[in-house]
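Let me begin by presenting the structure, written as structure tokens, before commenting on it.
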2 protein chains.
Amino acid sequence: METKERILDVAERLFADFGYKATSLRDITGEASVNLASVNYHFGSKDALLTALLERRFAPVNRRRIELLDKLEASAGDTMDLQEIVRAFLSPPFELHSGNAANGRTFLRLVGRIHAETDDIRAAFSTLFEPTVSRFRAAFQNALPHVDADEVAWRTAFLVGSMAHTMMWCESFVSHAAHRPDHSEVLESLIQFGTAGLATPSRQPAVVHARTGERR
Amino acid sequence: METKERILDVAERLFADFGYKATSLRDITGEASVNLASVNYHFGSKDALLTALLERRFAPVNRRRIELLDKLEASAGDTMDLQEIVRAFLSPPFELHSGNAANGRTFLRLVGRIHAETDDIRAAFSTLFEPTVSRFRAAFQNALPHVDADEVAWRTAFLVGSMAHTMMWCESFVSHAAHRPDHSEVLESLIQFGTAGLATPSRQPAVVHARTGERR
DNA sequence: GTCTATATGCGGATAGAC
DNA sequence: GTCTATCCGCATATAGAC
């Protein structure tokens, strides 16, 4: 079934470039050189196409994340290194889609784009995503016993945000850099940044009292 | 001119909730109880409406950011504290729009949403935004002489990402927290997270430092 | 399974009366 | 400045021939 695959590939690229709402079935079927009606025949609707597309890419990514985390837990037990947990979370989307290959870059933009779509679309995505994030939130908490739970939850959100945003604008940011970086370099920087952010001690005294943010 | 203001207010809310493409002029004029043709009369086009809307909110935010940075430079000179630079960058969008008021929350979502719109829309936004980000990138570099320029550029992008993502999904994240946080608490956490991420030493085994959050 | 043709509705934009 | 009416194109989806 070549048609179905072709539709998925083209749709993925167009959704990544222009977003879901902005991409029409005409755009997709046109570029894929298949008939306009074939999307509805094969998938049922535009929404169902998106779901199929997300499943195809994200299920393996999240499976890989959990697998890496399991390995860490098995080998390190309670003394897991925070940076390794961050790496287990961040690296699969970067690595599972073949570094700098064209479709790899497409996938990265798609990740970023999806994180920003309208709430109903994002809801479908969250269902796929939330169990994984929960596992990691718990692992972070475990590695950071001195940081309280709410704080860990927020920092996890910050981490996801820096990841999503970076993936989406990866290409445009390059202009500010002196050389065109490999994705793996960006990934390393992101891991570094995220690890430091997660591990920062809760509230430095000067800040807490100077402003309103005191907690207890 | 009440009509023009009403259109701007409603458009801002709808763009924030559903995105630009997904919001029709009919949605806007319907909710604002003004005539469909009035958008084109007052603004010329849907695009021009968006531009007007962005200018209204972001010009003051960026002016405030620069103002805070100027003050820092004037009082601290070369010994500026990194965290204070981060604060100068992050706090204006949170504070200038009245904390937890309804329109404050709308504005926060708008910020996040805009960062994720299709490239042409985002391009208009970048024009408004890039000069400010450049100033701050330079300030970060100055405060972090031991980190190389590319790295600083990437970390700045990570910071913007965590900010944008947080603003957009602020409301939904709350479910994971034990209590409903004030925006200023989230802001403090974000500043903390960003400062630590920016300040992390370039590439290291980093195990030790990551744990303690130590800078140097 | 794949095509053409079409149903049906919403999109932005405008002309012209008041 | 604000209204109604309308243009015209594109959207998703489906019916029915091949």
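Values reported hereafter were calculated over all heavy atoms of this structure, with side chains retained and with hydrogens, waters and symmetry mates removed. Note that the coordinates shown come from a computational prediction; the quantities given were computed from them, not determined experimentally. Just so we're on the same page: letters track the sequence lines, and every chain starts at 1.
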Would you call the rings of B:Phe140 and B:Phe89 parallel, tilted or perpendicular if under 30° counts as parallel and over 60° as perpendicular? perpendicular
Below 30° counts as parallel, above 60° as perpendicular, anything between as tilted: where do the rings of B:Phe94 and B:His183 land? perpendicular
What integer distance in Å separates A:Glu2:CD from C:dT2:C1'? 13 Å
Checking side-chain polar atoms at under 3.5 Å, does B:Ser189 have a donor or acceptor matched by the opposite partner on B:Glu185? no
Any side-chain donor-acceptor pair under 3.5 Å between B:Ser184 and B:Glu188? no
Reading nucleotides 3-18 of chain C from the 5' end, what letters show protein touch, with B for base, S for backbone sugar-phosphate only, - for no heavy atom under 4.0 Å? BB------BBBB----
Under 4.5 Å between any side-chain heavy atoms of A:Val86 and A:Leu198, yes or no? yes
Strictly by side chain to side chain donor-acceptor pair (under 3.5 Å), give each pair with a member in residues 34-46 of chain A just once, sequence neighbours left out. none
Quick one: does any side-chain atom of A:Tyr20 pair with a main-chain N or O of A:Asp47 as donor and acceptor, under 3.5 Å? yes
Expected output is a numbered-order residue list: members of residues 3-13 of chain A with a heavy atom under 4.0 Å from any atom of DNA chain C. What is it? A:Thr3
Quick one: does NZ or CZ of B:Lys21 land under 6.0 Å from the six-membered ring centre of A:Phe18, within 45 degrees of the ring axis? no
